[in-house]
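Read the structure below first, then the notes.
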Amino acid sequence: MSTDYQKARAELGRRLRELREESPHGRLTGTRLAAQLGWPQSKISKLENGKQTPTADDIRAWADATGQPDVFQELHGRLKGFESHIRSWRRQLAGGHRPVQETWNALVDGSNTLTVWENNAVNGLLQTAEYARHVFEGYASLQNSPRDADDAVRARIMRQEWLYQRGKRLNLLMWEGALRAQVCPRPVMAAQLDRLLGVIGMDTVHLGIVPQTGSLQLPPGNPFWIFDDRLVIAEDWHAELWLDDADTIALYQRVWETFSRSAVYGTDAQQVIHEARQKLGTP
C-alpha cells in the first residue's frame with residue numbers, strides 16, 4: 001500500500017516525464033536529458049518513476065532543460081505540497097513497516113549528509129537486525145499495525161549500505177539514555193552496543209554521545225533527521241512531521257549544534273558506550 005507521500009511523488013514523476021516527452025525542443029529521451037543536465041541516467045529514471053524526491057534545484061533545471069521554464073512554479077508547488085505535512089503513523093503503517101522503510105531508503109539514498117539527533121533508541125542506520133526486529137515488533141503492537149518485522153528488517157538493513165558509499169556522511173548525536181533503554185533482551189542489546197563501538201572511526205560516521213550527566217542547554221526533546229539542507233523529519237508518537245522551509249531547517253540545525261556542544265566523541269564516546277555495555281553483565 002502506497003503512502004500519500006509516495007503517491008504524490010509518483011504523480012510528480014509522471015508530470016516530469018510528460019514535460020520531457022512534450023518538450024518544444026523535440027522529443028527528449030531520458031539519456032539525452034541526463035547528458036544535458038550532467039546527471040546519471042538513473043537519476044532521470046528514479047525521478048520519473050517516483051523513486052527519488054527531487055530538490056527545488058532539480059525541478060528548476062528540469063523545467064529549463066525541457067524548454068518550459070514557466071512550469072517551475074507549478075512543479076515547486078507540487079513538491080512543497082507533499083514534502084511539508086504531518087504523516088500519521090496510523091495511515092503510514094496501514095500496510096506495515098516495510099513500505100515506510102522503503103520510503104526512508106529512497107530519502108537516504110538521495111542524500112549526501114544526514115544530521116541526526118536520537119534520544120530514545122539506536123539510530124536505524126546503525127541497528128543490528130535483531131535490535132531492529134524488537135523495535136518494529138514493539139511499534140506494531142502499539143499501533144495495531146500488520147506484523148511484517150522480517151520484511152521491515154531487511155529493508156532497514158539494506159539502507160545501511162549507504163554508510164559504505166564514498167562521499168556520504170552521517171553526523172549522529174545520541175542521548176546516553178538510548179544506550180541504556182533495554183527495548184530488547186540483554187544479549188541483543190549487548191550485540192547492539194558492540195556494533196556502536198565498532199563504527200567509531202568510520203570515515204562516513206561522526207558519532208557523538210550526550211552523557212546523561214552532562215550539562216544541557218536544551219531538554220532532549222524528540223528525535224529528528226536533517227537531509228542535506230532540504231528536509232527535516234521529526235518524530236512523535238502519533239506522526240512524523242515533514243518540514244522543508246528554510247527557517248525551520250535552520251532551527252533544527254541550531255538545535256543539533258546545541259546538543260553537539262554537550263556531546264563527547266572518539267575514545268570518550270567509546271567509554272560511555274563501554275560503561276553501558278558493562279552494565280548489561282553479558283559476555
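FYI, side chains are in, hydrogens and waters are out, and symmetry mates aren't considered; it's all heavy atoms of this structure. Count residues from 1 along the sequence.
- For the atom pair CZ (R180) and NZ (K279), the distance works out to 6.5 Å, reported to the nearest 0.5 Å.
- Nearest approach of A121 to A178, heavy atoms of both residues: N-CB, 3.5 Å.
- If you chain together hydrophobic residues whose side chains sit under 4.5 Å apart, I59 and L33 fall into the same group.
- The nearest pair of heavy atoms linking R169 to H206 is NH2-CB, 3.4 Å.
- Not one N or O on the side chain of Q41 forms a donor-acceptor pair closer than 3.5 Å with the backbone of A35.
- With a 4.5 Å cut-off on side-chain heavy atoms, Q192 and V188 do not count as touching.
- Ionic pairing of D150 and R133 is present here: one or more N-O contacts between side-chain nitrogen and carboxylate oxygen are shorter than 4.0 angstrom.
- For the atom pair CH2 (W256) and CZ (F224), the distance works out to 9.0 Å, reported to the nearest 0.5 Å.
- Considering every non-hydrogen atom in both T204 and L163, the closest pair reads OG1-O, 2.6 Å.
- Residues W225 and L125 form a side-chain contact, since some pair of their non-hydrogen atoms from C-beta on lies under 4.5 Å apart.
- S111 contributes a side-chain N or O that, together with a main-chain N or O of L107, makes up a donor-acceptor pair within less than 3.5 Å.
- Two residues are said to be in side-chain contact when any heavy atoms from C-beta on lie closer than 4.5 Å; S145 and H97 meet this criterion.
- Of the N and O atoms on the side chains of R90 and N144, not one donor lies less than 3.5 Å from an acceptor on the other residue.
- The line from OG1 of T113 to CZ of F227 is 12.0 Å long, rounded to the nearest 0.5 Å.
- Between Q165 and E161, the side chains place no donor N or O within less than 3.5 Å of an acceptor N or O (distance only, hydrogens not considered).
- Pairing each heavy atom of V210 with each of W175, the nearest pair is O-CE3, 3.5 Å.
- Two residues are said to be in side-chain contact when any heavy atoms from C-beta on lie closer than 4.5 Å; H134 and P185 meet this criterion.
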Report the C-alpha distance between V71 and R15 in whole Å, list the side-chain angles of each, state the deciding distance to 0.1 Å, and finish with yes or no for side chain to side chain contact (heavy atoms under 4.5 Å, CB included). CA-CA 10 Å; V71 83; R15 180 66 172 130; 3.5 Å; yes
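- Counting only heavy atoms from C-beta outward, the side chains of W117 and V255 never approach each other to under 4.5 Å.
- For N112 (side chain) and D228 (main-chain N/O), no donor-acceptor pair under 3.5 Å exists by modelled atom type.
- At a threshold of 4.5 Å between non-hydrogen side-chain atoms, the residues L207 and M202 do not count as touching.
- When all heavy atoms of I200 and A269 are compared, the closest pair comes out as CD1-CB, 4.1 Å.
- Expressed to the nearest 0.5 Å, how far CD of Q270 lies from OH of Y265 amounts to 14.5 Å.
- At distances below 3.5 Å, not a single donor-acceptor pair connects side-chain atoms of E118 with backbone N or O atoms of M174.
- Remark: the Q68 side chain and the T66 side chain contain an N/O donor-acceptor pair separated by less than 3.5 Å.
- Going from atom CH2 of W237 over to atom CH2 of W89 covers 11.0 Å, rounded to the nearest 0.5 Å.
- In this structure, the side chain of D229 does not engage the main chain of I249 through any donor-acceptor pair within 3.5 Å.
- With hydrophobic clusters built from ILVMFWY side chains whose heavy atoms lie under 4.5 angstrom apart, L196 shares a cluster with V264.
- The shortest distance between side-chain heavy atoms of F136 and R156 falls below 4.5 Å.
- What you find for V205 and V199 is that their closest heavy atoms are CB-O, 4.2 Å.
- Of the inter-residue distances, the one linking N105 atom CG with W162 atom CH2 reads 12.5 Å to the nearest 0.5 angstrom.
- Although no hydrogens or angles enter the test, the distance criterion places a donor-acceptor pair under 3.5 Å between the side chain of D148 and the main chain of R98.
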